[in-house]
Number of protein chains: 2
Amino acid sequence: MAPKVSEEYKKERERELIEAAKKVFIEKGFVRTSMQDIMDKAGISRGALYSYFNNIEHVFIEVLKFDDQKDIQRFVPSDEGPLWPQLKNWVEEQQIYIEAIDQTLLYAKAEFFLSSNYASNKDNFPYIFERYNRTTEAIEEVLNEGTSIGEFSPQQSTRSIARYILSFINGLMLDTFQLGHEQTNVKDQLSILLFSLEKLINPKSIK
Amino acid sequence: MAPKVSEEYKKERERELIEAAKKVFIEKGFVRTSMQDIMDKAGISRGALYSYFNNIEHVFIEVLKFDDQKDIQRFVPSDEGPLWPQLKNWVEEQQIYIEAIDQTLLYAKAEFFLSSNYASNKDNFPYIFERYNRTTEAIEEVLNEGTSIGEFSPQQSTRSIARYILSFINGLMLDTFQLGHEQTNVKDQLSILLFSLEKLINPKSIK
DNA sequence: AAACAAACTATACACTATTGTCGTTTATAT
DNA sequence: ATATAAACGACAATAGTGTATAGTTTGTTT
């Protein structure tokens with residue numbers, strides 16, 4: 001099944017490959033996954049796979065992008081109503097996300113960021129920087145928005161608060177991945193984050 | 001130099017090997033280090049190295065043990081004086097530690113715990129549990145101590161606060177390793193941690 | 001001082017795993 | 001039917017592992 005191909009078809013095929021690869025990465029992480037594993041999962045030959053991707057890091061980056069697309073909406077607050085409950089809600093949702101960690105790419109991501117060539121030539125992977133910045137900016141924006149409408153009175157720079165939140169969430173994910181959520185007690189830690197955030201941004205809506 | 005050998009000598013030699021290996025692991029991390037690299041750095045032959053260690057994970061575990069010996073005192077507070085300044089001090093010291101991340105084993109450790117066989121059989125490596133628990137307990141103990149002498153009035157369970165601190169520090173380390181400290185702004189994030197901690201434990205000594 | 005043996009060197013080897021390439025095959029649009 | 005390009009899969013190349021062997025060095029023992 002393969003001559004004179006439409007762009008359509010190729011895009012579609014690539015998406016299939018990415019989805020197969022994603023499954024493998026979730027199962028096996030990044031380091032222990034080989035191109036062969038992806039071929040097997042996708043039911044595609046070596047040559048064909050290599051015609052779509054140059055190497056396994058390339059595959060992973062594409063998986064990342066694909067995954068991010070879906071993920072990106074998660075932090076968009078609605079325009080309506082006070083922001084604090086939405087922020088609170090977002091934090092609470094993290095629990096589900098973190099505790100379902102073995103159904104996500106988190107482990108593979110951590111491995112990738114640590115162990116791929118990424119670590120040696122960060123410059124080749126601007127995507128990672130983008131990612132970090134996009135996320136902090138999204139959080140920061142909510143904080144700024146809340147400030148400008150007078151809902152929040154941040155006690156520290158909103159950028160730093162945003163980074164702080166992200167650091168904490170990343171650390172909690174990593175610890176939880178390594179130790180299991182029984183050990184790290186995700187819920188309690190998240191409520192401490194909420195407590196801290198209240199003090200940090202002083203949302204009006206608290207009684 | 002080597003007949004009918006003393007235990008002394010062997011221990012000493014092993015220590016040399018471990019120190020050489022440690023250097024390599026700091027430079028190259030865990031995943032990208034081969035036995036050959038260690039041979040080169042230590043100036044030892046293949047056979048000799050293998051007579052000390054069975055494989056590279058074995059080498060790494062020994063390096064870890066060796067490193068921990070030195071590391072273990074870092075969180076012991078002095079018996080004298082109020083605890084808050086000491087805690088504060090400890091947090092501030094993290095900056096130096098985190099920013100010097102490429103001179104430590106942190107990267108190699110993260111790789112090892114993620115990517116070695118560890119991830120598949122956690123039970124074989126109680127080490128990481130121990131480590132995590134030892135650290136949280138050390139922090140928790142300081143908090144409890146401060147509470148019992150009336151210096152702190154924690155607003156949340158001290159255990160959770162301890163875990164919270166550790167999650168944050170781990171996340172900050174990871175982000176900083178990946179992106180560089182220019183990007184993550186370690187200092188600001190740590191002062192947000194301090195701000196949060198003040199609110200969380202209400203130390204008396206603050207004016 | 002001669003014999004000994006432990007520790008080491010240097011190198012070779014058999015294996016395994018994986019990569020990326022490349023010539024060939026195959027299905028279909030025209 | 002044939003030109004086209006996707007898909008196939010054999011292959012050489014690379015890199016590492018752990019074992020094995022022969023030979024060397026050097027303290028210790030007698």
Side-chain angles (χ1 to χ4, degrees), chain A residues 1-21 24-25 27-63 108 111-112 115-121 124, chain B residues 1-21 24-25 27-63 108 111-112 115-120:
Chain A
M1 53 167 88
K4 203 75 158 212
V5 109
S6 70
E7 274 306 301
E8 280 297 291
Y9 171 84
K10 294 242 281 185
K11 280 277 167 230
E12 171 61 17
R13 189 84 169 106
E14 182 173 334
R15 227 212 55 238
E16 283 170 31
L17 295 179
I18 288 174
E19 274 175 357
V24 181
F25 285 129
E27 276 168 33
K28 307 193 58 174
F30 175 73
V31 172
R32 308 174 93 75
T33 293
S34 70
M35 287 298 246
Q36 190 61 58
D37 295 325
I38 297 168
M39 289 165 219
D40 294 346
K41 179 72 85 182
I44 197 182
S45 72
R46 193 159 203 84
L49 181 59
Y50 270 93
S51 81
Y52 284 92
F53 309 100
N54 305 321
N55 53 49
I56 203 164
E57 296 187 355
H58 183 189
V59 180
F60 193 78
I61 294 273
E62 295 306 319
V63 170
E111 278 194 327
F112 176 77
S115 308
S116 72
N117 285 330
Y118 162 68
S120 23
N121 20 266
N124 295 355
Chain B
M1 53 168 88
K4 207 79 159 210
V5 108
S6 70
E7 275 307 301
E8 279 297 291
Y9 171 83
K10 294 243 280 184
K11 281 274 166 233
E12 171 62 16
R13 188 83 170 107
E14 183 172 332
R15 226 212 56 238
E16 285 170 30
L17 295 178
I18 287 174
E19 277 177 354
V24 182
F25 285 128
E27 277 168 32
K28 308 193 57 173
F30 176 73
V31 172
R32 309 175 91 75
T33 294
S34 70
M35 286 298 246
Q36 190 62 57
D37 295 325
I38 297 169
M39 289 165 217
D40 293 346
K41 179 72 85 181
I44 197 180
S45 71
R46 195 163 198 81
L49 181 59
Y50 271 95
S51 81
Y52 282 91
F53 308 100
N54 305 321
N55 53 50
I56 205 164
E57 294 190 358
H58 184 189
V59 180
F60 192 77
I61 295 270
E62 294 307 318
V63 169
E111 279 195 327
F112 176 76
S115 310
S116 72
N117 286 330
Y118 163 69
S120 21

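Note on naming: letters A, B, ... go to the chains in the order of the sequence lines (proteins, then strands), and numbering restarts at 1 for each one.
Atom NE2 in A:His58 sits about 12 Å away from atom P in C:dG20, given to the nearest Å. Distance, A:Leu49 CG to C:dG20 P: 10 Å, rounded to whole Å. C:dT11 atom P lies 16 Å from atom CD1 of B:Ile44, rounded to whole Å. Rounded to a whole Å, the CG atom of A:Asp40 is 11 Å from the P atom of C:dT18. In this structure, CG of B:Leu17 is placed 13 Å from P of C:dA7, rounded to the nearest angstrom.
Two end axes, each from the C1' atoms of five base pairs, can be drawn for the helix from C:dA1-D:dT30 to C:dT30-D:dA1; they diverge by 10°, to 10 degrees.
Contacts of A:Tyr52 with the nucleic acid, taken as non-hydrogen atoms under 4.0 Å apart, involve only primed sugar atoms and P, OP1 or OP2.
Contact annotation: A:Ser45 does not reach the phosphate of D:dA7 (side-chain N/O to OP1 or OP2, under 4.0 Å).
Minimum heavy-atom separation, B:Phe30 to B:Glu57: CZ-CG, 4.0 Å. When all heavy atoms of A:Ala48 and A:Ser51 are compared, the closest pair comes out as O-OG, 2.6 Å. Considering all non-hydrogen atoms of both residues, A:Tyr50 and A:Met39 come closest at CE1-CE, 4.3 Å. Here the shortest heavy-atom pairing between A:Ile44 and A:Leu17 reads CD1-CD2, 3.7 Å.
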Sugar-phosphate or base contact per nucleotide [nucleotides 14-20 of chain D; S, B, -; heavy atom under 4.0 Å]:
--SBBB-
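Checked for salt-bridge contact, B:Lys10 and B:Glu14 miss the test: no charged N lies under 4.0 Å from a carboxylate O.
The closest side-chain heavy-atom distance from A:Val31 to B:Glu111 is not below 4.5 Å.
Taken from CD1 in B:Ile61 to CD1 in B:Ile56, the straight-line distance is 12.0 Å, to the nearest 0.5 Å.
A donor-acceptor contact shorter than 3.5 Å links the side chain of B:Asp37 to the backbone of B:Ser34.
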